[in-house]
Protein chains: 2
Amino acid sequence: MDKQDPITLDALFAALADPTRRAVVAQLAEGPAPVSELAAPHDMALPSFLKHLDRLEKAGLVRSEKTGRVRVCTFHPEALQAVETWIDRQRRIWTGRLDRLDRLAQSLADQSPSKPPETS
Amino acid sequence: MDKQDPITLDALFAALADPTRRAVVAQLAEGPAPVSELAAPHDMALPSFLKHLDRLEKAGLVRSEKTGRVRVCTFHPEALQAVETWIDRQRRIWTGRLDRLDRLAQSLADQSPSKPPETS
DNA sequence: GTCTTGCTTATCCATGTGGCTAAGTATTTC
DNA sequence: GAAATACTTAGCCACATGGATAAGCAAGAC
C-alpha cells in the first residue's frame with residue numbers, strides 16, 4: 001500500500017517538462033503547502049491540476065500527506081540529484097574529450113612542423 | 001531559413017525525458033557522429049529515429065550539418081546550462097529556507113525557555 | 001548510366017497527456 | 001444534522017508522441 005515508485009530519469013525529466021509542474025515545484029521550494037493553495041495560481045479545474053501533482057509525486061519530487069480533509073505537499077529536492085548527476089556526466093565526457101583534443105593539438109604544435117606526431 | 005528556435009525549458013526537459021534521446025546525447029558527448037552511426041544501436045526504423053534527433057535539435061542540444069549525403073550531428077552542452085540553472089535555483093530556495101528555519105529554531109533554543117520568542 | 005547508400009517526406013496508427021465536467025466522499029463548521 | 005470545504009473518482013475529448021511502412025531523392029561508387 002505504501003508502494004513507492006523508483007525514481008527514474010524518464011519520470012523526472014517528463015515531470016519537469018511542463019510549466020505548470022515547474023511552477024508547483026518553485027512554489028513548494030518556498031515551503032510545504034496544501035493542494036488548494038498550490039492550485040490557486042493555475043487557471044484550471046482541480047482534477048486537471050491534481051494530475052500534475054500526481055506526476056510530481058510519481059517522479060519523487062513531491063510527497064504529500066493528508067490530515068483531516070487537507071492534503072499538504074512537500075518538496076523533495078533529493079530527487080533532482082539524479083538529474084544533475086546525469087547532466088554532469090555528459091558534460092564531463094564532452095569536455096574531457098575536448099581537453100584531449102586540445103592536448104593533442106598542442107603537442108602537434110610543439111613539435112617541429114616537419115616531424116609527424118608520436119603516437120606512443 | 002536559418003531559423004533557430006529559442007531554447008526553452010519545456011523543450012529541453014521533454015527532449016531528455018526519453019531514453020533513446022538520452023542515449024543519443026550520451027553517444028554524441030563522445031564526439032560528433034553521422035545519423036546512421038547514431039541510429040545503429042537503436043532498434044527502430046530510421047524515420048522514427050530521425051524524429052528523436054529532430055527533438056534534440058529543436059531543444060538546442062544537438063546541431064547537425066549535411067555534407068554530401070551524410071548528416072553529421074554535434075552535441076551542444078551549453079543548452080544544458082538552462083536546465084542546471086533552473087534546478088540550482090529551486091534547490092537554493094529550498095535550502096535557504098531550511099537554513100532560516102534552523103537559525104530560528106536555534107535562537108528559540110538560546111532564549112530562556114520561559115520567554116516567548118521576539119518577533120521583531 | 002545504373003546501383004547503392006544515406007537520408008527525407010508522407011502517411012498512418014496506438015497510446016499518452018492535458019484539459020474538461022459531473023458526481024462522490026470525508027471533514028469541518030454552524 | 002445540514003451545509004460548506006477540500007479533495008477524489010470516473011469518464012470524456014482533442015491533440016501530441018513514439019512507433020511503423022512506403023516511396024522519393026541526391027550523392028557516390030562502379
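Throughout, protein chains are lettered first and strands after them, A, B, ... in sequence-line order, and every chain is numbered starting at 1.
A 4.5 Å side-chain heavy-atom check between B/H52 and B/M44 finds at least one atom pair inside the cut-off. Looking only at side-chain heavy atoms (C-beta outward), A/L80 and A/L16 come within less than 4.5 Å of each other. In this structure, the side chains of B/V24 and B/H42 come closer than 4.5 Å at one or more pairs of heavy atoms.
Near-neighbour residues of DNA chain C inside residues 35-55 of chain A, defined by a heavy atom below 4.0 Å, number-ordered: A/M44, A/A45, A/P47, A/S48, A/K51, A/H52, A/R55.
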Exercise for the section: Evaluate the side-chain contact (heavy atoms from CB on, under 4.5 Å) criterion for residues A/E30 and B/W94: first the C-alpha distance (whole Å), next the side-chain angles of each, then the deciding distance (0.1 Å), finally the verdict. Expected result: CA-CA 6 Å; A/E30 306 279 0; B/W94 177 259; over 6 Å; no

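Test B/L38, B/T74, B/L56 against B/V62 for side-chain contact (heavy atoms from CB on, under 4.5 Å) and you get one pass: B/L56.
A/D18 and A/R55 are not joined by a salt bridge, as no carboxylate oxygen comes within less than 4.0 angstrom of a charged side-chain nitrogen.
Formation of a donor-acceptor pair under 3.5 Å by the A/E37 side chain with backbone atoms of A/P32 is not found in this model.
B/F13 and B/W86 have perpendicular rings, their planes meeting at more than 60° on a 0 to 90° scale where under 30° would count as parallel.
Nucleotide D/dG28 holds its C1' atom 13 Å from the NZ atom of B/K66, rounded to whole Å.
Applying the 3.5 Å distance criterion, the base of D/dA6 shares no donor-acceptor pair with the side chain of A/R69.
Summary of the strand contacts: B/P34 and A/R21 both lie near DNA chain C, and taking for each the nucleotide with the nearest heavy atom, the more 5' one is attributed to B/P34.
Where DNA chain C meets chain A (any atom under 4.0 Å from a heavy atom), the bounding nucleotides read 5' to 3' are C/dT17 to C/dT28.
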